[in-house]
Amino acid sequence: NATELFDMCQARATVMMYDDAGKRWVPAGSGAQAVSRVHIYQNPNNNSFRVVGRKLQADQQVVINCPLMRGIKYNQATPNFHQWRDARQVWGLNFSSKDEAMQFANTMMYALDVL
Ligand SMILES: CCOC(=O)[C@@H]1C[C@@H](CC)[C@@H]2C=C[C@H]3CCN(C(=O)[C@@H]4CC[C@H]5C=C[C@]6(CCCN6C(=O)[C@H](Cc6ccccc6Cl)NC(C)=O)C(=O)N54)[C@@H]3C(=O)N12
């Protein structure tokens, strides 16, 4: 049966990926840049965590589904723009508010601490 994932936090953000070749940030997912609801889920069975973001608009497209690996460095480049590297790319979250950014960062840092 599908494991019940614990929804630790949610924040509104535009999910971006860094295009190394073009040296620019591009919106994750297809179509125009749009705000997503970004979650940090915990799988309590194996103490794993993942960041999942879905577009707020009708199609609810999944634009990020990124497991959090031990040792990731979460960089709060600005109060509203946070980023981290995974094996393949750099993710950027452009949060809709500083409060949501702070709450997300606190949860992220907790997860990275207990991994
Ligand atoms: C205001 C105008 O903003 C803009 O027009 C664009 C679009 C804005 C919205 C989407 C976004 C918002 C905010 C600013 C904030 C600054 N910033 C950048 O991109 C900076 C500037 C230079 C550029 C160079 C590299 C780049 C890109 C790739 C990763 N990286 C690193 O430095 C990493 C970081 C890191 C550190 C520690 C751990 C993990 C990681 Cl990932 N370091 C290393 C050692 O890996 C980076 O973040 N860079 C953003 C930006 O410009 N923009």
Side-chain angles (χ1 to χ4, degrees):
N1 63 332
T3 310
E4 282 306 303
L5 294 179
F6 175 58
D7 189 352
M8 298 177 80
C9 83
Q10 309 181 14
R12 285 169 303 148
T14 302
V15 183
M16 315 289 291
M17 303 189 301
Y18 193 69
D19 163 22
D20 277 310
K23 294 275 174 276
R24 65 202 167 105
W25 291 96
V26 296
S30 59
Q33 184 162 321
V35 178
S36 295
R37 184 170 307 289
V38 186
H39 302 248
I40 300 176
Y41 289 110
Q42 178 180 25
N43 177 337
N45 298 345
N46 61 9
N47 190 42
S48 66
F49 301 85
R50 74 178 41 240
V51 176
V52 178
R54 300 179 190 86
K55 289 257 179 90
L56 287 183
Q57 65 202 33
D59 63 355
Q60 303 250 328
Q61 182 195 26
V62 175
V63 293
I64 180 172
N65 181 359
C66 174
L68 294 181
M69 312 317 285
R70 187 200 314 261
I72 278 180
K73 190 173 177 311
Y74 185 71
N75 186 51
Q76 301 181 47
T78 73
N80 272 38
F81 185 76
H82 302 174
Q83 57 191 164
W84 71 95
R85 286 187 297 271
D86 75 7
R88 289 194 313 279
Q89 65 202 22
V90 179
W91 294 101
L93 299 180
N94 207 28
F95 293 95
S96 303
S97 75
K98 288 180 177 49
D99 284 356
E100 289 171 272
M102 199 183 306
Q103 195 219 342
F104 190 90
N106 289 341
T107 307
M108 173 66 82
M109 290 188 287
Y110 167 78
L112 296 176
D113 203 31
V114 300
L115 265 175

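Keep in mind the model is a prediction, meaning the values are calculated, not measured. First listed ligand is number 1; within each ligand, the first listed atom is number 1.
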Protein contact for [atom] (heavy atom, distance under 4.0 Å):
atom                    : value
atom 24 (C) of ligand 1 : no
atom 38 (C) of ligand 1 : yes
atom 27 (C) of ligand 1 : yes
atom 1 (C) of ligand 1  : no
atom 32 (O) of ligand 1 : no
atom 43 (C) of ligand 1 : yes
atom 52 (N) of ligand 1 : yes
atom 4 (C) of ligand 1  : no

Considering non-hydrogen atoms of the protein only, which is the closest contact for [atom], and what is the distance?
atom                    : value
atom 40 (C) of ligand 1 : Arg85 NH1, 3.6 Å
atom 18 (C) of ligand 1 : Trp25 NE1, 3.9 Å
atom 16 (C) of ligand 1 : Ala77 CB, 4.4 Å
atom 14 (C) of ligand 1 : Phe81 CD2, 4.1 Å

If hydrophobic clusters are built from ILVMFWY residues whose side chains come within less than 4.5 Å, do [X] and [Y] share one?
X     : Y      : result
Tyr41 : Leu112 : no
Leu5  : Met69  : no
Val62 : Leu68  : no
Phe49 : Ile72  : yes
Phe6  : Tyr110 : yes

Given Val52, which partner from the list Asn65, Ile64, Ile40 fulfils the side chain to side chain contact (heavy atoms under 4.5 Å, CB included) test?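 Output: one option passes, namely Asn65.
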Which option out of Gln89, Gln76, Gln83, Arg24 puts a heavy atom nearest to atom 46 (C) of ligand 1?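 Residue with the shortest heavy-atom distance to the ligand atom: Gln83.
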Closest to atom 9 (C) of ligand 1 (judged by heavy-atom distance), picking from Val90, Thr78, Asp20, Asn94: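 Ranked by closest heavy atom to atom 9 (C) of ligand 1, first place is Asn94.
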Donor-acceptor pair, Asn47 side chain versus Val114 backbone, under 3.5 Å?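 Yes, Asn47 side chain to Val114 backbone: donor-acceptor pair under 3.5 Å.
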Distance-only, no hydrogens or angles: does the Glu100 side chain make a donor-acceptor pair with backbone N or O of Arg12 under 3.5 Å?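 Judged by distance alone, yes, a pair lies under 3.5 Å.
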Measure the shortest side-chain to side-chain distance between Arg37 and Arg54 over non-hydrogen atoms and say whether it is less than 4.5 angstrom.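 Of all side-chain heavy-atom pairs linking Arg54 with Arg37, none is under 4.5 Å.
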Student check: side-chain heavy atoms of Trp91 and Arg85 closer than 4.5 Å: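 Side-chain contact under 4.5 Å: no.
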Below 3.5 angstrom, do we get any N/O pair linking Trp84 and ligand 1?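 No, there is no polar N/O contact under 3.5 Å.
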Tell me whether Lys73 has any N or O atom under 3.5 angstrom from an N or O of ligand 1.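 Checking ligand 1 against Lys73, no N or O pair falls under 3.5 Å apart.
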Within a distance under 4.0 Å of any heavy atom of Met16, pick out the atoms of ligand 1 and give their elements.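 Listed by number with element, the hits are 10 (C).
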Side chains of Ser97 and Asp99: any donor to acceptor distance under 3.5 Å?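 There is no such pair (donor and acceptor under 3.5 Å, judged by atom type) between the side chains of Asp99 and Ser97.
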